[in-house]
Trainee: 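First the structure, then my questions, so here it is.
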Number of protein chains: 2
Amino acid sequence: MKLVEAGTKTADVAKLADMFAAMGTEPRLRIMRLLLSAHPEGLVVGEIQDELGITGSTLSHHLEKLRHEDLVDVRREGTFMRHTVNTDSLRALLTFLYSECCGRNKAIDPELLMATGQRCKC
Amino acid sequence: MKLVEAGTKTADVAKLADMFAAMGTEPRLRIMRLLLSAHPEGLVVGEIQDELGITGSTLSHHLEKLRHEDLVDVRREGTFMRHTVNTDSLRALLTFLYSECCGRNKAIDPELLMATGQRCKC
DNA sequence: TTCATATTACGATATATATCGAAATAAAGT
DNA sequence: ACTTTATTTCGATATATATCGTAATATGAA
């Protein structure tokens, strides 16, 4: 009897784990929150640096990691590099967590989720 | 103008980042999925080991990490150690992600989440 | 108490990560 | 072309992590 199966493939788990890892550091989680709060415009590197007070080179590494896991997109604007969250990837992550926790044997009640923030508009 | 504020304190971000990090590894994410699928009974270490094929000592370290971040609870049953997911912590994580992504400027549409699994029963 | 089983701790190693300052690159303006 | 500003790369170090095999511990049974 296989306990785990559902709609998440073996390869996906590794990918999702990498995404969790990318958010699994205080500076990077702050970056994600900041970019989400600035969505959809995003921010250029210098703005992130000013806001979070991270050394340029360190910030560059963190952004590279977030880009590598497709959590963040970047486009050039002259000399600036404008970063935005990748909503598709974030949705994949959220959907995974949601279905793992609220699907099947319902470890978590979905209603309690809504309660703490958004109102469900079904 | 502060871009990030909302209902998540500074200390919380570090804690949440640690939780993400705990799930940010393929073996540990598999463990979490397995325990969720076995919820609420949970599994003893040997069962997890058989299911995932992880060396005893390595598995022990991973479980210690998950316990340390309060993602997993443990209780003794004779010589067995029965592990279960901590739904409160998981809910905190899910709620955070949900409100960051779907709250405020709504980077992600909540309805798309539901679509892939649960039906909203408001 | 002795034996068997389940799990964790120990010791060790290899790899990965976070961080920094300084140098290098890239684009834009003068 | 030169200068300024923005960002990344380089080189280096310190810390953390993942993993293993084996030894230690804890419980239950004989």
Side-chain angles (χ1 to χ4, degrees), chain A residues 10 13-35 38 41-85, chain B residues 10 13-35 38 41-85:
Chain A
T10 297
V13 179
K15 170 70 178 167
L16 288 160
D18 287 343
M19 285 199 272
F20 278 120
M23 309 232 292
T25 244
E26 191 178 343
R28 284 199 297 264
L29 189 53
R30 285 193 192 290
I31 292 169
M32 288 302 293
R33 290 207 334 136
L34 187 61
L35 290 181
E41 296 80 17
L43 296 167
V44 301
V45 178
E47 292 173 320
I48 304 174
Q49 194 171 352
D50 291 345
E51 190 81 22
L52 301 182
I54 306 177
T55 295
S57 59
T58 298
L59 177 56
S60 185
H61 279 143
H62 286 313
L63 289 173
E64 183 187 26
K65 174 86 173 183
L66 292 172
R67 269 183 263 121
H68 186 257
E69 303 307 333
D70 298 313
L71 286 168
V72 160
D73 293 320
V74 67
R75 68 173 185 279
R76 184 172 276 283
E77 270 181 16
T79 52
F80 302 86
M81 300 297 267
R82 179 165 296 269
H83 291 256
T84 51
V85 293
Chain B
T10 297
V13 179
K15 170 70 179 169
L16 288 161
D18 287 343
M19 287 199 270
F20 279 120
M23 309 232 293
T25 242
E26 189 177 344
R28 284 199 296 264
L29 189 53
R30 286 194 191 291
I31 292 169
M32 288 302 292
R33 290 205 338 134
L34 188 60
L35 291 180
E41 296 80 18
L43 295 168
V44 302
V45 178
E47 292 173 320
I48 304 174
Q49 194 172 352
D50 291 346
E51 191 82 22
L52 302 183
I54 305 176
T55 295
S57 59
T58 299
L59 176 56
S60 185
H61 278 144
H62 286 313
L63 288 173
E64 183 187 25
K65 175 85 171 183
L66 292 172
R67 268 183 265 122
H68 186 257
E69 302 308 334
D70 298 312
L71 286 169
V72 160
D73 293 320
V74 66
R75 68 173 185 279
R76 184 173 277 283
E77 271 182 15
T79 51
F80 302 86
M81 300 297 268
R82 180 164 295 270
H83 290 256
T84 51
V85 294

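Every chain is numbered from 1 and lettered A, B, ... according to where its sequence line falls, protein lines coming before strand lines.
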Trainee: Salt bridge check: are A:E26 and A:R28 linked by an N-O gap of less than 4.0 Å?
Mentor: no

Trainee: State the CG-CD1 distance between A:L63 and A:I54, to the nearest 0.5 angstrom.
Mentor: 8.0 Å

Trainee: Go nucleotide by nucleotide along DNA chain C from the 5' end; which of B:V44 and B:H61 gets its closest nucleotide reached first?
Mentor: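 Looking at DNA chain C, the more 5' nearest nucleotide goes with B:V44.
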
Trainee: Does the side-chain contact (heavy atoms from CB on, under 4.5 Å) test come out yes or no for A:H83 and A:R75, once each step is laid out?
Mentor: CA-CA 7 Å; A:H83 291 256; A:R75 68 173 185 279; over 6 Å; no

Trainee: Any side-chain N or O of B:S60 below 4.0 angstrom from OP1/OP2 of C:dT7?
Mentor: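 Checking C:dT7 against B:S60, no side-chain N or O comes under 4.0 Å of OP1 or OP2.
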
Trainee: Side-chain N or O of A:R82 versus OP1/OP2 of D:dA6: is the shortest distance under 4.0 Å?
Mentor: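 So the side chain of A:R82 is outside the cut-off, no N or O lying under 4.0 Å from OP1 or OP2 of D:dA6.
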
Trainee: Students often get this wrong, so: under 4.0 angstrom with heavy atoms, is A:G46 touching a base, only sugar-phosphate, or nothing?
Mentor: sugar-phosphate

Trainee: Using only side-chain N and O atoms of B:R76, determine if any of them is under 4.0 Å from OP1 or OP2 of C:dT8.
Mentor: no

Trainee: Taking the side chain as everything from C-beta on, heavy atoms only, tell me whether A:L71 gets closer than 4.5 Å to A:M32.
Mentor: yes

Trainee: Could you check how far CD1 of B:I31 sits from P of D:dA18, rounded to whole Å?
Mentor: 11 Å

Trainee: Under 4.0 Å, heavy atoms only, any strand: does B:R28 hit a base, just the sugar-phosphate, or nothing?
Mentor: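 It contacts sugar-phosphate atoms only.
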
Trainee: To the nearest Å, how far apart are A:L59 CG and C:dG21 P?
Mentor: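 Going from A:L59 (CG) to C:dG21 (P), I get 14 Å.
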
Trainee: Expressed as a whole number of angstroms, how long is the span from B:E26:CD to D:dT19:P?
Mentor: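 Interatomic distance, CD of B:E26 to P of D:dT19: 9 Å.
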
Trainee: C:dA26 C1' sits how many Å from A:E77 CD, rounded?
Mentor: 15 Å

Trainee: Separation of A:L66 atom CG from D:dT8 atom C1', in whole Å?
Mentor: 16 Å

Trainee: Quick check: do B:L59 and B:I48 have side-chain heavy atoms less than 4.5 Å from each other?
Mentor: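 Yes, their side chains come closer than 4.5 Å.
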
Trainee: When you measure from the side chain of A:T55, which nucleotide among D:dT19, C:dC20, D:dA26 comes out closest?
Mentor: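 The closest nucleotide is C:dC20.
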
Trainee: Check every atom of D:dT8, C:dT7, D:dA6 against the side chain of B:F80 and return the nucleotide holding the closest atom.
Mentor: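 Given the options D:dT8, C:dT7, D:dA6, the side chain of B:F80 is closest to C:dT7.
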
Trainee: So what does B:G56 touch, heavy atoms closer than 4.0 Å: a base, only the sugar-phosphate, or nothing?
Mentor: base

Trainee: At 4.0 Å (heavy atoms only), tell me whether A:H62 reaches a base, stays on the sugar-phosphate, or touches nothing.
Mentor: sugar-phosphate

Trainee: Go through D:dT19, C:dT7, C:dA28 for me and flag the one nearest to the A:T79 side chain.
Mentor: C:dA28

Trainee: Does A:T25 put a side-chain nitrogen or oxygen below 4.0 Å from OP1 or OP2 of C:dA18?
Mentor: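 True: A:T25 side-chain N/O within range (under 4.0 Å) of C:dA18 OP1/OP2.
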
Trainee: Mind calculating the distance between NE2 (B:H68) and P (C:dT8) to the nearest angstrom?
Mentor: 16 Å

Trainee: Tell me what B:S57 touches on the nucleic acid: a base, only sugar-phosphate, or nothing, going by heavy atoms under 4.0 Å.
Mentor: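 Base, at least one base atom sits under 4.0 Å.
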
Trainee: Rounded to the nearest Å, what distance is computed from the CD1 atom of residue A:I48 to the C1' atom of nucleotide D:dT7?
Mentor: 11 Å

Trainee: Quick one: A:E64 CD to C:dT17 P, roughly how many Å, whole number?
Mentor: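 Taking atom P of C:dT17 as the reference, CD of A:E64 is at 11 Å.
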
Trainee: Taking the side chain as C-beta and beyond, is there a heavy-atom pair between B:K15 and B:D70 under 4.5 Å?
Mentor: yes

Trainee: So what does B:R75 touch, heavy atoms closer than 4.0 Å: a base, only the sugar-phosphate, or nothing?
Mentor: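 It contacts nothing in the nucleic acid.
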
